[in-house]
Amino acid sequence: MKLRLGMIGGGQGAFIGGIHRIAAALDGLYELTAGAFSSDAEKSRATGVLLNLAPERVYGSFEELIMQEKQRHETERVQVVAIVTPNHLHFEPARLALENGFHVILDKPMTFSLAEAKQLKEIATANGRKLCLTHTYTGYPMVKEARQLIAANTFGPIRKAYVEYPQGWLSAFEEGTDNKQAAWRTDPARSGIAGAMGDIGTHAFNLLEYVTGLQVEKLCADINTVVPGRRLDDDGAVLLRLSNGASGVLVATQVAAGEENNVRVRAYGDKGGLEWQQADANTLQVKWLDRPTEIYRTGTGYVGSFAQHNARTPAGHPEGYLEAFANIYRNFALTLQAEMAGQTAPPEALDYPGLEEGIRGMAFIENVIASGHSDKKWTEFTV
C-alpha cells in the first residue's frame, strides 16, 4: 500500500520540490495527498491545482497542513511529511510534524543550527517517529558499492581520502538579480552561517564519511568569499583527520566558472583504492597497487547486494540523479512499510541518511566555519 505523502514548500518555480515529487513517484510507493506549497495561500492553491490534489487537502501554511491532517481518520491522513523549504524553515515544520505523529523527509542541511538538529533527534525519539535526510549522492548504486568494498577491507585500512564538489553558478553576483535560489542561499538569515560549505560542503562531507565508514575528528579550514558583496562563503578547502588516523581533503566551491555538479570521491588503502564521480555515475574505478585498474558498472551481476538493490535497469542504461534521489525515498518507504507490518526491513532498505547524518552535517558547518575564522592550524571536530 502506498504511503500518503504531504509536502511543505516546493511550490511553482521551486527547484527541489519538483525533484522530491519525481523521486517520491518513481517507485509507486508514495501518493502525494496534501500540501502547503507556499506561505502564500493563493500560490499554494495554484500549485495544488497543477498537481491535481483535492482542494481541501491544499493548505495555506504548514501549521494548517499538520493540524488538519492530524484530525483526519488514520486511513486518510498523510503518514509522511516532506519538507523542501529553505534552511531557516526546516526546524519548525519538522518539529510540529514529528510531535503530531508524522514521519519526516527533510532536505539537507537538517536545520539552521546544530542545537536545532539535536533537538529534532530528541523529538523524533520521544515520539517514535523516523526522519530521512535527502543526501542524494549516497543513493547512487556505485557509491553504495564503494562503501561496501571499503567496509570489507578490500583495500586495507584507508590512508587517504579526497572529496570535491565544484560548482560555478555563483561566479557572479547572482543574488543581485532575480535569481531566487541565489538570493536565499547567500542570505545568512535564511541559509545560516555558511554558504557553499552549508549548501554543497555538507554533501561532500556526508559522502566522504559514508563511503569510507570513517568520521572526521579534526579539521583545518580555509574559507573564502570570492565574489564582492557576497555575505557568505562561496569557496573553501578543508584538511581532515579521520577516526582511524587517515588524512583527507575536502573542496567545495561555487565559483569554479564552467563547472556544474561533478561531485567526486576517492579513497586509498595500502592495497589499492577507488574513485567515483557523478559525471560518470554508473562507473566505479577500482585501483590496485600491483595490477591494472578495474571498472565496476551499475546493473551488473558482480556488484554487491546494496548496489543491486538500488539499481533499476540492466547494465548500460544510465541511471542518474533522479534515480539516486528516488532510492532514498524508496528505502525510507520500505523501512516504514516493514515497521507498519511488524517486521524489520533488510539492511539494504535501512541504508538511508537520517538523524545522525543530519546532526553531523550541522556539526560540520559549525566546525568548518569556526576553523576558517580561527588562527589555529587544527581544531577538534565537536558535535
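Note that the structure is predicted; figures quoted are calculated from it, not measured. Scope of the values below: all heavy atoms of this structure, side chains included, with no hydrogens, waters or symmetry mates.
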J.: Would you check if there is a donor-acceptor pair between the side chains of Q167 and Q254 at a distance under 3.5 Å?
T.: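 Distance-only check passes for Q254 and Q167.
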J.: Testing the basics here: between G17 and M7, what is the closest heavy-atom pair and its distance to 0.1 Å?
T.: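 So the two residues come closest at O-CE, 4.0 Å.
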J.: Just checking, R266 and Y162: is the charged tip under 6.0 Å from the six-membered ring centre and within 45° of the axis?
T.: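 Satisfied, under 6.0 Å and within 45°.
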J.: Salt bridge check, R45 against D40: does any charged N sit closer than 4.0 Å to a carboxylate O?
T.: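 Salt bridge: no.
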J.: One thing to verify: whether R264 and E164 come together as a salt bridge, which I'm taking to mean a side-chain N less than 4.0 angstrom from a carboxylate O.
T.: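 Yes, charged N to carboxylate O under 4.0 Å.
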J.: Taking atom types as modelled, find out whether N282 and H317 have a side-chain donor-acceptor pair closer than 3.5 angstrom.
T.: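 No.
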J.: Apply the side-chain hydrogen bond (donor to acceptor under 3.5 Å, both in side chains) test between T253 and each candidate in D234, N224, D235; give the one that qualifies.
T.: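 Only match with T253 under side-chain hydrogen bond (donor to acceptor under 3.5 Å, both in side chains): D235.
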J.: Side chains of N310 and E323, heavy atoms from C-beta outward: is any pair under 4.5 Å?
T.: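 Sidechains of E323 and N310: no contact.
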J.: Taking all atoms of both residues into account, what is the closest heavy-atom pair of R231 and T186, and its distance?
T.: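 Scanning both residues, the minimum pair turns out to be CB-O, 4.0 Å.
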J.: Give a yes or no on this: more than 12 heavy atoms of other residues, nucleotides or ligands lie within 6.0 Å of atom NZ of K180.
T.: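 No, because the 6.0 Å sphere around NZ of K180 holds 12 heavy atoms or fewer from other groups.
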J.: Taking the side chain as every heavy atom from C-beta outward, state whether L274 and F155 have any atom pair closer than 4.5 Å.
T.: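 When only atoms from C-beta onward are counted, F155 and L274 do touch, with a gap below 4.5 Å.
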J.: State, to 0.1 Å, how close L232 and S191 come at their nearest heavy-atom pair, and which atoms those are.
T.: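 Heavy atoms of L232 and S191 come nearest at CD1-CB, 3.9 Å.
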J.: Indicate whether any N or O donor in one side chain lies under 3.5 Å from an N or O acceptor in the other, for D233 and T225.
T.: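 Judged by distance alone, the side chains do not pair up.
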J.: Are any non-hydrogen side-chain atoms of Q181 and E175 less than 4.5 angstrom apart?
T.: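 Q181 does not reach E175 side chain to side chain.
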J.: Any cation-pi pair here, R147 with Y210, using under 6.0 Å and within 45°?
T.: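 Yes, a cation-pi geometry holds between R147 and Y210.
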J.: Regarding K160 and S247, do their side chains bring together a donor and an acceptor under 3.5 Å, going by distance alone?
T.: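 Short answer, yes.
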J.: Could you please spell out the steps behind the salt bridge (Lys or Arg N to Asp or Glu O under 4.0 Å) verdict for K2 and D27?
T.: CA-CA 10 Å; K2 291 185 178 183; D27 294 293; over 6 Å; no
J.: If you take the centroid of each ring, where Trp contributes its six-membered ring, are F91 and F112 closer together than 6.0 Å?
T.: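 When the ring centroids of F112 and F91 are compared, they turn out to be at least 6.0 Å apart.
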J.: side-chain hydrogen bond (donor to acceptor under 3.5 Å, both in side chains) with Q278: which of Y140, Y321, Y165?
T.: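 For Q278, the side-chain hydrogen bond (donor to acceptor under 3.5 Å, both in side chains) test succeeds with only one of Y140, Y321, Y165, which is Y140.
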J.: Could you check if a side-chain atom of I295 sits within less than 4.5 angstrom of a side-chain atom of T283, using non-hydrogen atoms only?
T.: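 Yes, side chains in contact.
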J.: Carefully, step by step, assess T293 and V286 under the rule side-chain contact (heavy atoms from CB on, under 4.5 Å).
T.: CA-CA 6 Å; T293 295; V286 178; 5.9 Å; no
J.: Please lay out, stage by stage, how R57 and V78 fare under the test side-chain contact (heavy atoms from CB on, under 4.5 Å).
T.: CA-CA 10 Å; R57 306 293 288 273; V78 300; 4.2 Å; yes
J.: Does atom CD (E260) have a neighbourhood of more than 12 heavy atoms from anything else shown, all under 6.0 Å?
T.: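 No.
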J.: Strictly below 4.0 Å, N to O, side chains only: are D290 and K271 in salt-bridge contact?
T.: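 Salt bridge between D290 and K271, a charged N being under 4.0 Å from a carboxylate O: no.
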J.: When the aromatic ring centroids of Y30 and Y329 are compared, is their separation below 6.0 Å?
T.: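 Here the rings of Y329 and Y30 have centres that are less than 6.0 Å from each other.
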J.: Is there a side-chain contact between T33 and L53 (heavy atoms, below 4.5 Å)?
T.: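 No, too far: nothing below the 4.5 Å cut-off.
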J.: Under a 4.0 Å N-O cut-off, is there an ion pair linking K130 with E339?
T.: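 Salt bridge: yes.
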J.: How far apart are the closest heavy atoms of A345 and L350, and which atoms are they?
T.: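 Taking every non-hydrogen atom into account, O-CD1, 3.4 Å.
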J.: Can you tell me if NZ on K121 sees more than 12 non-hydrogen neighbours from other groups inside 6.0 Å?
T.: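 At most 12 heavy atoms, drawn from other residues, nucleotides or ligands, come within 6.0 Å of this atom.
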J.: Give the intermediate values and the outcome of side-chain contact (heavy atoms from CB on, under 4.5 Å) for residues F364 and F381.
T.: CA-CA 8 Å; F364 169 76; F381 188 95; 4.1 Å; yes
J.: When you compare the side chain of I365 with that of M197, does any pair of heavy atoms fall below 4.5 Å?
T.: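 No, side chains not in contact.
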J.: So if I apply the side-chain hydrogen bond (donor to acceptor under 3.5 Å, both in side chains) rule between H309 and each of D351, N327, N331, which one comes out positive?
T.: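 One option only clears the test, and that one is N331.
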J.: Side chains of Q68 and R72: is there a donor and an acceptor less than 3.5 Å apart?
T.: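 No donor-acceptor contact under 3.5 Å links the two side chains.
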J.: To check you understand the geometry: which heavy-atom pair defines the closest contact between M142 and V303, and what is its length?
T.: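 That closest heavy-atom pairing would be CE-CG1, 3.8 Å.
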J.: Any chance the side chains of E348 and S305 put a donor and an acceptor closer than 3.5 Å?
T.: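 A pair is found: one side chain offers a donor N or O, the other an acceptor, under 3.5 Å apart.
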J.: Between the side chains of R95 and E92, is the shortest nitrogen-to-carboxylate-oxygen separation below 4.0 Å, so that they form an ion pair?
T.: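 A salt bridge links E92 with R95.
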J.: Just so I know, are the side chains of M110 and I359 near enough to count as touching, which here means a heavy-atom distance under 4.5 Å?
T.: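 In short, these two side chains touch, coming nearer than 4.5 Å.
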J.: Considering only heavy atoms from C-beta outward, does the side chain of E217 approach that of R241 to under 4.5 Å?
T.: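 No, too far: nothing below the 4.5 Å cut-off.
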J.: Which pair of heavy atoms, one from L207 and one from W276, lies closest together, and at what distance?
T.: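 Result for this residue pair: CD2-CZ3, 4.4 Å.
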J.: Output yes when R77 and E69 qualify as a salt bridge under the 4.0 Å nitrogen-oxygen rule, no when they do not.
T.: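 Salt bridge: no.
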